[in-house]
Every structure is written in structure tokens, then in C-alpha cells.
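Values in this document were obtained by computation on a predicted structure and should not be read as measured data. Chain letters run A, B, ... following the sequence lines, proteins first, then strands; residues in each count from 1.
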Amino acid sequence: MDWGAIFSGAGIIALLNAGIRLAMPTALAAVGETFCERSGVLNLSLEGMLLAGAFTSFMGGYYSGNLWVGVLAGIGGGLAIGILMALLSVTFKTAQVINGIVLVLFATGLTAFTYNSVFGVTTTPPRFDSMRPLEIPWLSSIPGVGPVLFEQSILVYLSVVVIVAVSWLLFRTRYGLTVRAAGEKPTAVDAAGVNVDRVRWVATLVAGAMAGFGGAVLIVGQLGFFRDSITAGRGWVAIALVIFGRWTPLRVFGGALLFGMTDALQLRIQAAGGGIQSGVPFEFFQALPYLVTIGVVIVATARSRDDAMPTALGETFEKESKTKAE
Amino acid sequence: MTKIDTTADATEPETTEFVEESTSLVRQFGLTALAIFMALFCGALLLWAAGANPFVAYADMVKGVFTSPAAISLVMGDVVPLLTIGLGLMIAFRAKIWNIGAEGQFLLGALFGGAFAIYSPIEAPIFIIPMTLLVGTAAGAAWGWIVGFLRAHWGVNEVITSLLLVYVAGFIVVYAIRQPMRDPEYFLPQSAALPDTARLGDIPWLDVHAGLLIALALVPLTAYLVNRTSFGIRSLMLGYNPDGTRAAGVNTSKLTVRIMLISGGLAGLAGIMQVMGAETRITNNISPGFGFTAIIVALLGRLRPIGVFLAAVLIGVLNVGGDALQRSQGLPRAVVVVIQALFVIFLLIAERTGSR
């Protein structure tokens, strides 16, 4: 295999550029999940939110012919699963882990059913042209940095803005403090006269909207088509990244970039035909992002144990009675 | 059968418990029936939105399942993996160990068990059948062990590892049948067929393979395990209160690993039985998502062996009905996945509002 071509100057620039692009759907979902988990809701429906967002953004973009309609539709799709998750976990207070897992299956079935009833079985799946990269004047001509950072689609820039904004919201505003308190000591938040359930509702919707946006970035910003289970576990990777990033949005974002780079690298290696020539099967490279994620979670957990985890994560909050003592 | 898992009463029950003992069986049955009705109602709305007449569609599903003996044997064919995996998941979920990677454990059971049967020099049925079953079970157990070990010793979240390992297992299977195990006579990548001596034959008078007997035998076996052994009681304790269980002198690490070995092992057993009884060779589509559907089976069965059995039959009927629907009306069979998920969603809501 021609490692030289991959790791030449131009090769590395292409790799980093692709890595950032590929990281964004996962990054958005992971940061949304961070916000949600900080409020105490363990949202395992993330893969379903991402998938629903991908699907609705495809339908929106395909039928309107306008990519921005697709983006809005994607946010709506993620929000829809978010509403269901909040309804079950916060209003009905049923076990969060089960809610999340079942909603993933629900979203998988519903998107597959709808897509296949609308388009049937076709050999040429319907598609549209995804959003083109936007070269930012002057900045994109900076050698090295320019082509990596400033030749991305506008959705990538927007994603970064959203991620930074959510990080700011969580750590620099009063509302963010309330959200974090709801995940640490909901009884105290309740005693202070704040409605814990409402805070958790909002946080779950934030995760839904961000994951839905992530799904839209995947479809509108990259692929331009849909197929069953197209998100391929990115939502689960995102949940892993929250642990890796120790429930801090910018660290989680960093983890997502690392994941994106791994993905870009394995795609490059596959494209370079490395599998066939080097004797290493290409399936190994395909499995690499998942293996790296597992490794990263092991290291993050083994090193820190649970000290960064919101104390009340996954526990439902009952106003009248006390929550569990621990 | 008397329930002796009253140890749970010592600790305060959490808000939602699938194995809660307080509600009567009649009431539980009523709530489950209500949830099933609501799910079917939503499924009808969905079919109607897709332009079909829901009454006709459901009638087609029922006709497709109950008017032909072939369809009934298809249902039983689905019950085998769903029940076998579902019972394993039941054991894990009772301890609140959320193994959602049964799909991967199933695939590796099928792959390694199948490989053993294909390459075994001894082909006498008395040797090869039990050994193949054993190897498949062991492969599934090994894949589950990774998850259990990581959670037990380093506290790694089992939901994430078990699920991500599904993808890894999938790539291992794709590689194995594309390269080392590939049958060169076929255009599509698939393994050679298992020797005839390693196949699970059909049960006399029934058009379904003998794996059904194994799956059915697992119902009383697992019932004994969860209700009558200290393992079962400790598992339940672990689910209610891990710290308390540890304080009570239970080696929770060992218990966690054991639970995952059993849970993964049963998924692996389901995988190899599918190959020995139904598929006869390893292909890229040995599982239409049995490992994920079995999560629904375990939950809908309220984490009780008999319940899991009834749920497996119900889900099997739905699966085959969904295929009939696809043939008769061209409606995507994925509608049954939606209905299956809605079963559990409505069951959760019904339990919660019913216990207020």
C-alpha cells in the first residue's frame, strides 16, 4: 500500500479535512447528549434521534429541493424522538435505560417502514446533491490550516457554533447551572423552587434537536441519500464519547474529532486498496472506529471511574417521595 | 410455581420494576393485553397513513399466519432464536445488566459453531452435533464475557460495549465468509454447507427443526435458575442494589461475569442452532435482527420465563404476519418492528399509570 500518498502533505490535509467533516454528526449528538445527561436523563435513544433526523432531513431536502428545509426537517425529526423520550422518562418516569433502547428500535422500524412505503424497492435509490464546501475568502488560502478548516460546508461551521454555544450555556449561564444541579442533586433544585421535570424536559429536547441536526448534517452535508439504519451506530459512539469527554462539551467535541479522524483514515486506507495488498482485511479497517471507541471508553472509565458522572444520572425524580439515598 | 425471590422486598423497589411481585398475575396480564391492543391500534394508524386499509392488512397478517401449516412452522422457526436469546437477556436484565449486544453474540455463535462443523474431521452425529452446539455457545459466551469482564472489573458501561461489539462481530462474519471460509462455487460470499450429520433434523410431524425442543427445554431450566437458585436471587439483588449486594458478601464481579457468560452463551446457542437447523450455511443474512427483537421479547415477557415464551410466540406470529403483509399488499414488513417497539412503550406506560 502507498502509505506515502496518505501521509504526504496533501494527503494529510485531505485526511484532516475529511475527519472534521465526518466528525460533525457524532459531535453534535454527543454534545447534545452531554447536556441531557448533565440534567440527569440518561438518553440512550440518541441513535434513534440521529436516525430520525437523518430520515426527515432526507425527506425534507428531497421533496422541497431546498437543503435548508432538509436541515429544519432533520431537527424536527430528532425533536420528535426527544419528545417521546422526555414523555416516557420525565413525565411517566419509566426506566430510562429501557425507554432509550426501545425508542432506538422504534425509530429504526418507523424510518425503514416510511422510507420503503414511499420509495419501494429500487435499484437506484433517490438522492440529491449534498451541500458543497464553502471556501471562506482569504482564510482558506492560509497554507495547511486553510484547506483543513476553511473549506468545509456551511453546516460544519454552524455545528461548531452550536457546540460552543451549548458549552457556554451549560457552564456560563444561570440556566446551565440549574441543568447541572438537576443532574447532581435534584432534591436541592426542587427545594429551590425550580421544576426539575421541566428542566429535564428541556434538556432532553436539546439532545433531540442537536442529534436531529446531526442527522441532517450527515445527509444534507455529506451523503444526499438515505437507507435503513444509515447512522450505523454513530449515536452509540456519541454516548461513549460523553464518557470519554467526562461530561464536558468541549472535551466531548475533541473526542468526536478523534473519532472522525479514525473514520477518515480507515476510509482512506480502504480507498487506497490497502486491504487487498497489505494482507490486512478491509473489514478490520471498517471495524476500527468501533474498536477505537470501545478502547477509548475502557481507558476513560478505568482512569476516572465515575467521579465525573452526574450523580443523579439515570434516576427518575419523584417530587413527593425522596429519590434513592445514594 | 411459588416465587421465592422475596429478598427483593428487603430493599426499596424503584419506580418501575419488570419483576415486581406486588401486582397480581391477572392484573399484569390485563395491562399487557391493553398495551398490545394500543400498539396494534397505533400500527393500524400507521398502515392507514401508508394508504392501506388497516383491517384488511391485519386480516392478511392473520390469514398469512394461521391458514397455512407452512406459516405455522415459520413462526416456530422464529420462536427458536427469539426464545433462546430472550431467556438469556431475561437473566441479564433481571440483574439490570443491559446486554443489548445479543445480535453480535448470536452471529459469532453461528460463525464459530458453523466453522467447527464444517472443518471437523469427525462427522459422526453423536460427536459433531453436541460439539457444534457447544462451540457455538462458547463463542457467544466469550463475546458476552468481554462485556461482563469490562463492566465487572473496570466499571465500563455494558450498554455501549455490548452494542458496539455487534458491529465488530458483523465485520468478523463478513470477513470470514469472504476470505477463509468462502465457498468458491458461489458468486455471493458464503461458507460451505454444514455436513449433513451436523444438521438438526426436523421434529417428526412438525416442519421445524429440533432446536425448538432445546429452546422449549430452556424455559423450565431458566425458570429454575432464576427462581430457585442463589444465583437467581443474587442476580435480582444485584439489580436492585449493587452496593448492598456487595456489602452482603456477594462477589458481584464474579456474578456479573457469570451472568454475561450465560446471556451471551444462550445467544450463541441460538446462532448455531439457526445455522444447524435452518440456514445450513453461514451467509451475510443469518439474522434478520433476532438479537435486537429478542430485547423486546424479554421485556414484553416481563422478565419471566413463561412470559418470555409467550412473547416469543407473539413476536414470531407478528414477524411471519409482516412477511405475509409484504407479499399481499406490498407494505414494508418494518411495520411489525414499529408495533413491537410500541408494545413495550405502552407496557411501560400502562405499568406506571396502573400502579399509581
Exercise. Is any residue of residues 42-52 of chain A within less than 4.5 Å of chain B by heavy atoms, and which ones?
Worked result: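 Interface residues of residues 42-52 of chain A: A:L44, A:E47.
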Chain B contact via [X] - side chain, backbone, both or neither, heavy atoms under 4.5 Å:
X      : value
A:V102 : both
A:L103 : side chain
A:L87  : neither

Counting heavy-atom pairs under 4.5 Å to chain B, which of [options] comes out on top?
options                        : answer
A:Y290, A:F106, A:Y115         : A:Y290
A:A112, A:A240, A:G120         : A:A240
A:I298, A:V297, A:I239, A:N116 : A:I298

Problem set entry | A:V104, A:L105, A:I101 screened by side-chain contact (heavy atoms from CB on, under 4.5 Å) with B:F292, the one that passes |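 Result for side-chain contact (heavy atoms from CB on, under 4.5 Å) with B:F292: A:L105.
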When rounded to the nearest 0.5 angstrom, what distance separates [atom1] in [X] from [atom2] in [Y]?
X      : Y      : atom1 : atom2 : answer
A:F92  : B:E351 : CZ    : CD    : 13.0 Å
B:L163 : A:I294 : CG    : CD1   : 9.5 Å
B:N157 : A:W236 : CG    : CH2   : 9.0 Å
B:Q179 : A:E283 : CD    : CD    : 7.5 Å
B:I160 : A:T301 : CD1   : OG1   : 7.5 Å
A:L88  : B:F346 : CG    : CZ    : 9.5 Å

Exercise. For the residue pair B:A334 and A:F113, what are the closest heavy atoms and their distance?
Worked result: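 Looking at all heavy atoms of both residues, the shortest contact is CB-N, 3.6 Å.
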Exercise. What are the two closest non-hydrogen atoms of A:T94 and B:I349, and how far apart are they?
Worked result: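 Shortest heavy-atom contact: CG2-N, 4.4 Å.
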Problem set entry | Whether over 12 other heavy atoms sit under 6.0 Å from B:F41 CZ |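 Atom CZ in B:F41 is not packed in, count stays at 12 or less.
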